[in-house]
S.K.: 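Mind having a look at this structure? Questions to follow.
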Protein chains: 2
Amino acid sequence: MSIGIKISLNPKLYLRDPQETPLGQKIIKNSILLIDEIGFESFTFKKLAGKIKSTEASIYRYFENKHLLLIYLVSWYWEWLSYLIDINTLNIESSRKKLNIIIDTLVEAYRENPAIEYVNESILQRLVIAEGAKAYHTKAVDKDNKDGFFINFKELSEKIAKVIEEVDPQFKYPHALASNLIEMANNHSFFAVHLPRLTDIKISDEDYSPVKEMLCHFVSKLLNNEKP
Amino acid sequence: MSIGIKISLNPKLYLRDPQETPLGQKIIKNSILLIDEIGFESFTFKKLAGKIKSTEASIYRYFENKHLLLIYLVSWYWEWLSYLIDINTLNIESSRKKLNIIIDTLVEAYRENPAIEYVNESILQRLVIAEGAKAYHTKAVDKDNKDGFFINFKELSEKIAKVIEEVDPQFKYPHALASNLIEMANNHSFFAVHLPRLTDIKISDEDYSPVKEMLCHFVSKLLNNEKP
DNA sequence: TCTTGAGTAATAGTAATACTATCATTATAG
DNA sequence: CTATAATGATAGTATTACTATTACTCAAGA
């Protein structure tokens, strides 16, 4: 059941807007599934074309290359998170409560109701956890940044930083803590599954709430204002 | 001036030990320089062969593929850090002081004296900051982990976790904090230069001490024992 | 109704990448 | 002086990451 939101992303990321056409939507949907399945390195436009019974050339009309497609998908995820945070914190007064809701959302976004039929947000979250860092770990980071390719991540991070500042206006590192909360939410979900010695989190039955608890604990130690 | 340490790494990472031969040492030395220069995605064994006036086939005798070479280089870095931490904390009694030294080392390893003539550790640190996460963000992470490819990172992380436990035995997340300190040291050095809105750190004149200050501040807030 | 054009498919082709294989040459250790 | 390990030289293959061209399809505008 779609609630009809439309995610708006930097048009420089694509040649033709994939949200506007059936083929474009198929590209978004199936690239998420395929990258999740075989990993970004093995993913090619040819394989994707095979999966959706289209052709390489048709996909190249939408995205210049697979790196821009990755940035597109990752940006989509940050926009979606941003949207979730907005609706989940609507009418919440307490900044501290807001911050807890933000942490909940960062970690357990995958539990939310699907918002758009051609995007499996739960798989997209797994993809971002596994491949997200590759979007900016590249020689082109400065150029890509100038082109505004990371705006969605930066805006999400800034949104969180603002709430951190509300909670403790004296805290010196609101932006660093904000981006670190996002990174930790993803990294420790990944570590718990694949490299458990790098974390203290234990996940059972797909329950990621221990990650939430840890982040809440960190935040409550780091930030001083204990008002509700 | 070499002090003659030999870094020992998982032999499964290579086909022939590159530390044992002049060509092997050239491969290590120049792959660091070349990956730093053009980025891991653009890096190929052919280009490296051109740089060292050897051939692709010769390089393939040392490393199965460029991914294993990356893991090798990154593992080298973690071993080197581990070694630095050991000598820098030698004879230090106070756990809290130890932890500060560890943070210093994580951030400013590049200032240390070169230990091995065919490795430019300062450039290697920049490489790990930029490309390190790619070592384990792959579909083969579980297999690679079983083969012990991440042992050096895990041991470094565990070494730091132990000191954290000494400082505050009550703290519930020593392993997570340890790996997070390593990640933050690298990420925020990267963000400060390339994506400044994601951090509060400002770097001028190659001076990364603000990153140290931030990590020390986080640690002192998170850990309770205030004994010296 | 005819035309136009946007979107897509089909096909082909290229340069580079990621390897593998073979054989000749050089260095060195016994 | 010889045996053998290491390297170099060369060639070849399948796949990747594109670009180009042509043709088909279908819906809207004249």
S.K.: Nearest whole Å is fine: how far is C/dA10 P from A/I59 CD1?
M.R.: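 Interatomic distance, CD1 of A/I59 to P of C/dA10: 13 Å.
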S.K.: Look at the aromatic rings of B/F191 and B/H188 and report parallel, tilted or perpendicular, splitting at 30° and 60°.
M.R.: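 Aromatic pair B/F191/B/H188 classed perpendicular.
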S.K.: Counting only side-chain nitrogens and oxygens, does B/R16 get under 4.0 Å of the OP1 or OP2 atom of D/dA5?
M.R.: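 Indeed not, no polar side-chain atom of B/R16 lies that close.
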S.K.: Output every pair passing salt bridge (charged side-chain N to carboxylate O under 4.0 Å, His left out) with a member in residues 20-34 of chain A, not counting sequence neighbours, ordered by first then second residue.
M.R.: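 Checked against salt bridge (charged side-chain N to carboxylate O under 4.0 Å, His left out) - neighbours excluded - the pairs reaching residues 20-34 of chain A are A/K6-A/E20.
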S.K.: Show me the donor-acceptor pairs, under 3.5 Å and distance only, between side chains in residues 47-56 of chain B and residues at least two apart or in other chains.
M.R.:
{"from": "B/K47", "atom 1": "NZ", "to": "B/S42", "atom 2": "O", "distance (Å)": "2.7"}
{"from": "B/T55", "atom 1": "OG1", "to": "B/S58", "atom 2": "N", "distance (Å)": "3.3"}
{"from": "B/T55", "atom 1": "OG1", "to": "B/S58", "atom 2": "OG", "distance (Å)": "2.9"}

S.K.: With sugar-phosphate meaning primed atoms plus P, OP1 and OP2, does B/F63 contact a base, only sugar-phosphate, or nothing at under 4.0 Å between heavy atoms?
M.R.: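 Touches nothing.
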S.K.: C/dC19 P sits how many Å from B/H67 NE2, rounded?
M.R.: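 The answer, rounded to whole Å, is 12 Å.
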S.K.: Treating B/D147 as the side-chain partner and B/F149 as the backbone partner, does any N or O pair qualify as donor plus acceptor under 3.5 Å?
M.R.: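 No; zero donor-acceptor contacts below 3.5 Å.
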S.K.: Under 3.5 Å, side chain of B/K146 to main-chain N/O of B/V141, donor-acceptor pair present?
M.R.: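 No.
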S.K.: Summarise protein proximity over nucleotides 8-24 of chain D in one line of letters, 5' to 3': B for base, S for sugar-phosphate only, - for none, counting protein heavy atoms closer than 4.0 Å.
M.R.: B-B-----SBBBB----
S.K.: D/dA6 phosphate, OP1 or OP2: any side-chain N/O from B/Y62 under 4.0 angstrom?
M.R.: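 So the side-chain polar atoms of B/Y62 never come under 4.0 Å of the phosphate oxygens OP1 or OP2 of D/dA6.
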S.K.: Distance check needed: C/dG7 P versus A/Y14 OH, whole Å only.
M.R.: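 Spelled out: OH on A/Y14 to P on C/dG7 is 13 Å.
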S.K.: Would a distance-only check, ignoring hydrogens and angles, find a side-chain to backbone donor-acceptor pair under 3.5 Å from A/Q125 to A/V107?
M.R.: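 Pair found, side chain donor or acceptor close to backbone of A/V107.
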S.K.: Could you state the CD-P distance from A/Q25 to C/dT8, rounded to the nearest angstrom?
M.R.: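 About 11 Å, once rounded to whole Å.
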